[in-house]
Amino acid sequence: MRNELSIVLCGEAGQGIQTVENVLTRVLKLSGYHVFATKEYMSRVRGGCNSTSIRVSSKRLSAYVDRIDILVPLGKERTKHLNKRITKDTRILVEHEQIAVENKIYTNIAAVGVLSGVIGADKKVLSDYLSGYFSAKGAKTIEENQKAAGKGYELGINLASSGKFALKIDPDPKVKNEIMISGAEAIGLGALMGGCNFISAYPMTPSTGVFTFLAQNAAGLEIVSEQAEDEIAAINMAIGAWYAGARAMVTTSGGGYDLMQEGMSLAGMLETPVVVSLGMRPGPATGLPTRTEQGDLDLALYSGHGEFPRAIFAPGSLEQAVELSRRAFDTADKFQVPVFILSDQYLVDSYYNLPSIDIPKEPPKKYFIKTAKDYRRYELTENGLSPRGVPGFGEGLVAADSDEHDEEGHITEDLELRKRFVEKRMNKLKLLEEEALEPELIGEKNSRILIVGWGSNFGIIKEALSALGRNDISFLHFPQVYPLPKSTMGHLRLAKRVIAIENNARGQFAELIEKLTGIKITERILKYDGLPFSVEELVSRIKEKAGK
Amino acid sequence: MRNELSIVLCGEAGQGIQTVENVLTRVLKLSGYHVFATKEYMSRVRGGCNSTSIRVSSKRLSAYVDRIDILVPLGKERTKHLNKRITKDTRILVEHEQIAVENKIYTNIAAVGVLSGVIGADKKVLSDYLSGYFSAKGAKTIEENQKAAGKGYELGINLASSGKFALKIDPDPKVKNEIMISGAEAIGLGALMGGCNFISAYPMTPSTGVFTFLAQNAAGLEIVSEQAEDEIAAINMAIGAWYAGARAMVTTSGGGYDLMQEGMSLAGMLETPVVVSLGMRPGPATGLPTRTEQGDLDLALYSGHGEFPRAIFAPGSLEQAVELSRRAFDTADKFQVPVFILSDQYLVDSYYNLPSIDIPKEPPKKYFIKTAKDYRRYELTENGLSPRGVPGFGEGLVAADSDEHDEEGHITEDLELRKRFVEKRMNKLKLLEEEALEPELIGEKNSRILIVGWGSNFGIIKEALSALGRNDISFLHFPQVYPLPKSTMGHLRLAKRVIAIENNARGQFAELIEKLTGIKITERILKYDGLPFSVEELVSRIKEKAGK
Amino acid sequence: MNAEIKAFDMGPIDIAWCPGCGNFGILNVLKEAVAELNLAPENLMMVSGIGQAAKEPHYLKCNVFNGLHGRAVPPATAIKAANPGLTVIVDSGDGDMYGEGGNHFIHAIRRNPDITVIVHNNMVYGLTKGQASPTSRIGFKTPIQVEGVFEEPFNPLSVAIALDAPFVARAFAGDPEKTKEILKKAIQHRGFSLVDIFQPCVSFNKINTYQWFKDNTYYLEDAHDPQERSAAFRRAIEDEKLPLGIFYINEKRTIFEDKLAAYRKNKAPLFDRAVNYDKLSELINSRKR
Amino acid sequence: MNAEIKAFDMGPIDIAWCPGCGNFGILNVLKEAVAELNLAPENLMMVSGIGQAAKEPHYLKCNVFNGLHGRAVPPATAIKAANPGLTVIVDSGDGDMYGEGGNHFIHAIRRNPDITVIVHNNMVYGLTKGQASPTSRIGFKTPIQVEGVFEEPFNPLSVAIALDAPFVARAFAGDPEKTKEILKKAIQHRGFSLVDIFQPCVSFNKINTYQWFKDNTYYLEDAHDPQERSAAFRRAIEDEKLPLGIFYINEKRTIFEDKLAAYRKNKAPLFDRAVNYDKLSELINSRKR
Ligand SMILES: Cc1ncc(C[n+]2csc(CCOP(=O)(O)OP(=O)(O)O)c2C)c(N)n1
Ligand SMILES: Cc1ncc(C[n+]2csc(CCOP(=O)(O)OP(=O)(O)O)c2C)c(N)n1
Ligand code: SF4
Ligand code: SF4
Ligand SMILES: [Mg+2]
Ligand SMILES: [Mg+2]
């Protein structure tokens, strides 16, 4: 008896995958099942072939698997691009089509019913959920949908009891009251916790979700939300907003971020905080707009001309996405530097249930000061941090200048001062280093083989290792990829072999570690076809590399 | 008796330093002296304090020295910012002011006269040069200037014979017929030799000189020259031009280049060649617009989102500037990649005499083909290079696509193809590596200490080492900084100690070597105040590091 | 005639647009226009940015430069300058051209290369799923513009006329015949020609539908004199009902390629040229003095 | 009055402009205007890009945001949105605003924040030593435009009017009194106000000198009705002689800050706010279903 199920919905864009996914995952969660879902889709609005993978389990889940237990084609059968994932054990479920044969529009809800039945979800939850979901459409629609779902449910129960699925997933009552959020929402919520009250952005997949989330909550949470004419405007607005005392963020992806780099450099020079939520997708250029990749670490790391410090967070889970996004605002404000939240399509489009999100007791700390009459924005201090004032708060004047400047913020050509200002700015990197987050070690401290990962691969690597069940392999995950904490070297030195796992073609994080620690990481497991690793793929590739 | 002289002209912007410099250096060269000149100036059009340093010698020169033998203040005395360079041996020359006392406008030319006299330049050359120089202004102006110069010359001769200068610089008759060009002109000439016939750019110091040089020669050499509305347009124009069979270049500096990065990534994806002449100045942001720095190596290296290969040349001399700029076009065309010519304010604003520039016997090789009806732009080949066609040449259609594409150049979502295309593109890095230029080793192959330098520091480090005269120190200069040739490792391994010298705050090239070779370079001599190293400064800093 | 249209046909390809999208109409009309103008696919150069509209060049037989979002015009200008023999058509969306690409739009009109710029104006960002575009009308609600657009819509026609663009027209994808005539004139016109085409987006713009455009547009009367700039402006800012047709023509503007010194003596496209070594030597030698 | 001007005086600083530059006149007039409007330096926010004109904010006592070349308008918009209590003035050059910054210029007019945009229009790139700017006139020769500019000059007035900008004016640095009056009206006008000021560059523009501007400009007559958009456009495209004055005023446009949901209930500037934890909890809990 399996206590976990992998369901895949597939079909053309616009065929209603979204509805099935939304309703099914909520109904399952409300019935007490742990749910994980993620999607892959083409860069088009109708047609093509997309899919959503939903895992249902008695245990918490946070990783993508290749395995398909039940495949549900919606609309015209479009399973071709999933061929590699379909095995003899894959059950292609089409029974719902029979149910809605008179009225095709109920096909999708019938499928929800069948799947709910197969799993044994709470029938009342299903029916209640549907009445909420369709409430705007009137009683008749609700009723018809409930009818279709009900029929599907019966059929599902029958299928299950026929024993073909050999399935027993015990619900966990605690889950019912949990929340379910996506990576995009997690970043947005973290930003709100960090005090974000200004968002300027230009739409770009896969970053638009975070922007949309904040725009939707602009009225409720009193956020200034504005779609800029281009990414250049977006970043320059965000910097202006921070300068004036707001807490601003931009959301973008690689190509859009390219255009923001001069602004990044400006933030570096002005020592104005700024937060960039950078959602990665495969490049170069337009690349694969709706796919995933970890190809822009180097970009974030070295972007913007000239030399100035920055911090880069790369969440590996929704929990981390919330916490690191919150922290990004604090770090940016405290050190007056640009800070990245580096995510990718896989992370922002994945969602699962979480116990809840704790709101910190302390409100976000504001680091700026009320200025006195003789205020000097760039006062030289020991550690390089000058108290930051904002215009209109206090008696002082606040001058920020993109040229090399003096302590007052006025343009200068004093080259000795230049030297001191370079050192002032660069010194903040040391401060950032001191506060850098520790990597998370999973497994023994001095195992023979150490796997190094960063960002969104966290859950997948973790599950792969637990599937492998080997105690000679540990996993070190970096939620902050720059600067690295001092401890990094120690961790790596203890291992006989280090294997980097990254969703890009060069192993950019491995290269960064090599550069910062001098430790060579020649063993790399890389992927760059636009899809995330799957647990199974990692199991086999780690086996291959690590040997028996 | 010294056989070399360092003259510094200083004054406010707009006081005529340019005239003295132009006339004096030409007259000296035409008289057979080796001349090297470079300038430092403020970001303003009038006022402030600027200076030009001119070295005159019996031997070839190509480096900046701090020492001032003769300081010539023009206009109001503005020597303050040169205080550090003024010693008791510095002769402040003001005698020319006496000569032109009746008519101030001849002061500058009188100064040329005095200096020519002191050095012993050919008086006829001076007089002839002036008649050419002022030919547009009419006979009277010529005559007056010649008169002022003549008086100055006599005075100079007297000063010299008074023995105060203890100077004997023997002219070298060969020099008379040599050429004298600046770094900006060297890059421009190299580009022309490489077949450059399209320049699109947006003005930005210190890159404007190259653009201006090409614009000035647009009619003569039949170049399409266009000032774009912004840097984004400039790079996208250049890529379009290459696509259509032109050989295009953009010129820019860090901040402008930031804006070009999405275009860079486009070139990477389209596999369209493009050449970027990137003149570095101190950042971040506007920084010090008219100063020098080597702070944008990392920027060039990692710029543009996604992963794709590129090559970066960094000339260390005018000869290299010509040759590498020519080569940039060949490399770009051959490997269908973006190529950088990385220079800086110091390099582009320096000039000296060279024997000549050899025009290669073979015209630039064109790598594109005439297309057949069934032409496919991105045909998959063994080494990743697809024959490049241009629209309108042959029967085929040429499709270039910024999305991931198929062999025909049409947008695709075939993820297996994606993988092959990533590998196709990345494989070109290997080809580039195979043809990477060898670094130049000056000194013994296995000396105890190896100094590593790149780009514009070449001449300065070379002269500093020759001044030091130590045979335990060798110097390895990299004219190509990416990719590095295989031999790099070998060179570095042989040395007991490696010291990197760079004009930036982080030691970006040292970091690159560390990353690529795994060899740690902790000893670094860095400078980041906006000025180039001087020979004297390097002598003392190398001594300090290397010990006695 | 049909035979020629076939020359531009891609055969059975997968077109990534939604069924019913106004883009199909524009694609068909464009194929007909270039066929009727007797252009050869090898000589036709389609340039686009990124968006739904920007996919169009992949759907007809021609040379394709599908570049970056917002950046169709600069490469198109350069391609034309590198090889004036090509017929260069830019084909992009309203966000592409007037949003991200706004600066190139205005400066290309100043520069005036001989290219035709077709903008599929659906008043929305289609490919990124429904945010406002610069031409979205006030009150238009989207997932980002939750309370509706309040920014004044960008008026491409009035701005183009303000910039003294040589050919300024607006068409409607729902009227293929008239659109084709306008397109043909635009392509034939020497200089920068703008054709803004109202294009219903059936997926993300439920306000400005085929019916809405039918109800809210009309054609400029024959008496409208496109040579008259101020009159053209007055018509361009009409907002009760939106006029269609050719608003403005200025035959007097200098054309970019015509001003390039590179073509003064030599008419060959740049790919077909060699470096002039004599001139280059001369230049080098000039540095002896 | 003089006492107040002093409040904006920086004392004996080194001003990096050339003697005789038109910028000095603009600086003086600006100081007078803000003094006469009774603004306090702490409340005055000057934003600029990069160029000679863009140095101006350093030369008067106020809050300064001297950002990137071409990028003055976006931070100005954001600063105003983050703290609507500040008086925000953008002060930049013609290249800055209409060249590199062209896209922000047009979209800021659409967005309509309550800021004043002063453009020092010297028809040249001053700081980079004399290349053509978007407003350089046809035939203007420079080291880059060797054979003279052939591009149609950018007409900021006609474009702003085409975009229905709420306040569009042109002034001449050589006439301080009238310029001051225009500036004061622009600053007082709620919404995006454009004041394009002809500014002689004595170093790099030897054509469009003080005298040239005197000879080639005149003031719009009092009878000119700035509410009349088409008439304003007609006047804006006059080119024989260039009119000065207030071309166009549109009082009806919605203002950016007024539309922001963030200020609907709460008027405090953003720096003075706390996260609404109740709403946040509500939002989180809404994800239970
Ligand atoms: C630099 C950059 N920013 C953003 C995007 C994302 N993007 C792609 S298409 C598009 C807008 C499409 O709208 P439009 O140009 O009107 O074309 P449509 O899809 O409506 O035809 C955007 C924002 C991108 N590809 N590149
Ligand atoms: C991104 C970028 N590109 C180019 C430059 C170089 N640059 C500085 S000022 C300027 C033009 C100045 O012209 P304008 O805006 O008209 O101001 P002016 O100096 O004439 O007052 C340019 C091109 C820059 N600083 N940044
Ligand atoms: S989203 Fe709109 S514009 Fe795009 S293809 Fe569909 S209907 Fe057409
Ligand atoms: S260069 Fe021109 S604009 Fe700049 S300060 Fe001098 S005169 Fe004024
Ligand atoms: Mg659109
Ligand atoms: Mg200017």
Could you list the residues that satisfy ring pair (Phe, Tyr, Trp, His ring centres under 6.0 Å) with His410(A), not counting sequence neighbours? His58(D)

Asp296(B) versus chain A, heavy atoms under 4.5 Å apart: side chain, backbone, both or neither? side chain

If you count heavy-atom pairs under 4.5 Å with chain B, which of Gly530(A), Gly304(A), Gly518(A) comes out on top? Gly304(A)

Chain A contact via Asp414(B) - which portion, at a heavy-atom distance below 4.5 Å: neither

Considering all heavy atoms, the nearest Thr286(B)-Ser402(A) contact: OG1-OG, 2.5 Å

Under a 4.5 Å cutoff for heavy-atom pairs, which residue among His81(A), Lys527(A), Glu423(A) has the most contacts with chain B? Glu423(A)

Please check if any side-chain donor atom of Asp258(B) sits under 3.5 Å from a side-chain acceptor atom of His305(A), or the reverse. yes

Counting heavy-atom pairs under 4.5 angstrom with chain A, the leader among Gly255(B), Gly295(B), Gly48(B) is Gly255(B)

Can you list the residues that meet the side-chain hydrogen bond (donor to acceptor under 3.5 Å, both in side chains) rule with Arg291(B), with sequence neighbours excluded? Glu413(A), Glu40(B)

Which atom names give the shortest non-hydrogen contact between Leu415(A) and Leu288(B), and what distance separates them? CD2-CD1, 3.8 Å

Given heavy-atom pairs under 4.5 angstrom as the criterion, report whether the side chain, backbone, both or neither of Met42(B) touches chain A. both

Can you tell which part of Arg425(B) gets under 4.5 Å to a heavy atom of chain A, answering side chain, backbone, both or neither? side chain

Step by step, would you call Leu301(A) with Asp298(B) a side chain to side chain contact (heavy atoms under 4.5 Å, CB included)? CA-CA 9 Å; Leu301(A) 207 48; Asp298(B) 275 344; over 6 Å; no

Where is the tightest heavy-atom contact between Lys515(A) and Glu514(B), given as atom of each residue plus distance? O-OE1, 3.8 Å

Looking only at heavy atoms, what is the nearest atom pair of Leu299(A) and Ser303(B), with distance? CD1-C, 4.4 Å

Part of Leu516(B) lying under 4.5 Å from any heavy atom of chain A: backbone

Which bit of Thr517(B) comes within less than 4.5 Å of chain A, counting heavy atoms only: side chain, backbone, both or neither? backbone

Heavy atoms only, distances under 4.5 angstrom: which of Cys49(B), Pro289(B), Gly268(B), Pro284(B) has the most pairs with chain A? Name it, please. Pro284(B)

Top of Arg420(B), Arg44(B), Lys520(B), Met260(B) for chain A proximity - count of heavy-atom pairs under 4.5 angstrom: Lys520(B)

Against chain B, work out which of Gly263(A), Gly283(A), Ala285(A), Ser43(A) has the most heavy-atom pairs shorter than 4.5 Å and name it. Ala285(A)

Identify the heavy atoms of Tyr528(A) and Arg418(B) that sit nearest to each other, and give their distance. O-NE, 3.4 Å

Which residue out of Met280(B), Met426(B), Glu293(B) racks up the most heavy-atom pairs below 4.5 Å with chain A? Glu293(B)

Honestly, the part of Thr290(B) sitting under 4.5 Å from a heavy atom of chain A is side chain

Backbone N or O of Arg506(A) within a donor-acceptor pair of the Glu307(B) side chain at under 3.5 Å? yes

Assess the side chains of Tyr257(A) and Gln261(B): does a donor N or O sit below 3.5 Å from an acceptor N or O? no

